[in-house]
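Data block below; observations after.
Worth saying up front: this structure is predicted, and the values here are computed from it rather than measured.
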Amino acid sequence: SETHGITFRIQISVKELLDTNVLLKLLFHLPVNYPSALPDISVNSDQLTRAQCMDVKDKLLEQAKKHLSEPMVHDLILWIQQHLQCVIKQSATVCREKPTLSKGTSTEDGIWMLLLHLDHMRAKAKYVKTVEKWTSDLRLTGRLMFMGRIILILLQGDRSNIKEYLILQKTSKVDVDSSGKKCKEKMISVLCETKVQSQHKRFQTFEVKEYSTLDELQKEFETAGLTTFFSEFVPPLLK
């Protein structure tokens, strides 16, 4: 009964993952034996259809089952912020509308490029594996580049998928701190985010590469038609 336990509402705005900002209105009813029992969840949004709201609710409940017996509301909110686009893409309504919206537009319109700088990786093997999984799931190509203490991530793909990658990068526990505890990435810089131009080479795969010298790293950029990107963003990192 809703007279027992706690009921509260949360509104979150998921930005730039879809054609418009999506305001989700979430209602959680936590029964008295929560978290041993699942919460009741209600989802509403003016930007989504009723069917899409039901899809979001179903996915949240699926995730809730994975967190049974532990506090989960915060994790559920983070999860839907990261995965809303994927949930909506699976909706029949969006699948029917998408081809109509893209008719007459170039496939290159949605291809963007992102260059990131990471300060360090303490748990390198785990970190690299996580980045490889994200790029695979989001169909992004490019390079994870190591040269001395410089760590760069160069990504190409659909702009909405690049935005989702950034959310994952900033909100997931991808590394460990000095005491060995899992932690989120706080030392990341977005060096550049731009549409792929005709002179830029399209990467076909995502690869992890290590370079012995700055010249080797520079040649990687030159081969991809990104000489100006290298000269503008990489030398300052050496100071």
Side-chain angles (χ1 to χ4, degrees), residues 11-26 43-49 51-60 62-63 75-118 130-144 152-172 174 184-185 188-198 200-207 224 226 229:
Q11 293 192 58
I12 58 171
S13 179
V14 183
K15 298 182 179 179
E16 298 181 318
L17 291 184
L18 302 165
D19 294 335
T20 182
N21 292 353
V22 176
L23 182 66
L24 285 181
K25 302 169 185 176
L26 307 174
V43 179
N44 287 288
S45 174
D46 293 336
Q47 288 81 35
L48 304 179
T49 65
Q52 290 167 343
C53 288
M54 288 299 295
D55 286 343
V56 172
K57 173 184 174 179
D58 291 343
K59 293 296 183 183
L60 283 171
E62 285 180 20
Q63 291 300 310
D75 287 333
L76 294 179
I77 292 169
L78 285 180
W79 186 90
I80 199 58
Q81 286 178 313
Q82 296 168 16
H83 296 88
L84 179 64
Q85 185 190 32
C86 294
V87 174
I88 299 306
K89 275 186 174 180
Q90 293 170 5
S91 163
T93 306
V94 172
C95 289
R96 285 198 301 271
E97 292 176 354
K98 206 86 171 176
T100 306
L101 292 173
S102 60
K103 276 183 182 176
T105 61
S106 165
T107 54
E108 292 298 307
D109 284 351
I111 305 302
W112 280 65
M113 182 159 47
L114 178 71
L115 182 62
L116 301 173
H117 172 243
L118 300 182
T130 300
V131 171
E132 288 178 319
K133 183 181 187 307
W134 288 343
T135 55
S136 174
D137 290 346
L138 294 169
R139 300 184 299 282
L140 299 175
T141 60
R143 299 285 186 268
L144 170 52
L152 299 170
I153 301 177
L154 179 62
L155 299 175
Q156 291 179 348
D158 184 88
R159 192 181 188 190
S160 60
N161 288 348
I162 281 180
K163 293 291 185 184
E164 186 165 352
Y165 177 92
L166 265 177
I167 291 175
L168 288 169
Q169 181 80 61
K170 293 177 179 178
T171 61
S172 304
V174 289
K184 296 176 183 177
E185 179 58 75
I188 185 170
S189 303
V190 177
L191 300 179
C192 182
E193 183 179 356
T194 185
K195 184 181 286 190
V196 170
Q197 304 298 321
S198 57
H200 300 152
K201 173 190 169 186
R202 289 287 307 281
F203 294 108
Q204 300 304 310
T205 58
F206 182 81
E207 298 179 25
L226 301 171
F229 281 66

[X] side chain near [Y] side chain, heavy-atom distance below 4.5 Å:
| X | Y | result |
| --- | --- | --- |
| Leu191 | Leu152 | yes |
| Leu168 | Leu138 | yes |
| Arg139 | Asp158 | no |
| Thr205 | Thr141 | no |

Go through the structure and list residues passing salt bridge (charged side-chain N to carboxylate O under 4.0 Å, His left out) with [X], not counting sequence neighbours.
| X | answer |
| --- | --- |
| Lys25 | Asp46 |
| Asp75 | none |
| Glu193 | Arg159, Lys163 |

Counting distance only, does the side-chain N/O of [X] pair as donor-acceptor with the main-chain N or O of [Y] below 3.5 Å?
| X | Y | value |
| --- | --- | --- |
| Gln156 | Phe203 | yes |
| Ser136 | Glu132 | no |
| Gln52 | Ser45 | no |
| Gln47 | Leu23 | yes |

Q) Considering residues at least two apart in sequence or located in another chain, which fulfil the ring-ring contact (aromatic ring centres under 6.0 Å, His included) criterion with Phe206? A)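 Checked Phe206 against ring-ring contact (aromatic ring centres under 6.0 Å, His included); zero matches.
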Q) Which residues satisfy the ring-ring contact (aromatic ring centres under 6.0 Å, His included) test with Phe229, sequence neighbours excluded? A)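 His200.
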Working to the nearest 0.5 angstrom, can you tell me the gap between [X] [atom1] and [Y] [atom2]?
| X | Y | atom1 | atom2 | result |
| --- | --- | --- | --- | --- |
| Leu155 | Leu116 | CG | CG | 6.0 Å |
| Asn44 | Gln11 | CG | CD | 10.0 Å |
| Ile77 | Gln63 | CD1 | CD | 13.5 Å |
| Leu166 | Trp134 | CG | CH2 | 10.5 Å |
| Ile162 | Thr135 | CD1 | OG1 | 11.5 Å |
| Trp112 | Ser160 | CH2 | OG | 12.0 Å |

Q.
Which residue is it: Gln197, Lys201, Met113? I am looking for the one with a side-chain contact (heavy atoms from CB on, under 4.5 Å) to Leu226.
A.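 By the side-chain contact (heavy atoms from CB on, under 4.5 Å) criterion, Leu226 pairs with just one of Gln197, Lys201, Met113: Met113.
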Q) Which atom pair, heavy atoms only, marks the closest approach of Val87 to Ile80? A)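 For Val87 and Ile80, the tightest heavy-atom pair comes out as CG2-CD1, 4.4 Å.
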Q) What are the two closest heavy atoms between Ile167 and Gln81, and how far apart are they? A)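 In terms of heavy atoms, the two residues are closest at CD1-O, 4.1 Å.
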Q | Working for side-chain contact (heavy atoms from CB on, under 4.5 Å), residues Ile188 and Leu118 | A | CA-CA 5 Å; Ile188 185 170; Leu118 300 182; 3.6 Å; yes
(Q) Tell me every residue that passes side chain to side chain donor-acceptor pair (under 3.5 Å) with Asp58, counting only those two or more places apart in sequence or in another chain. (A)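 Expected list: none.
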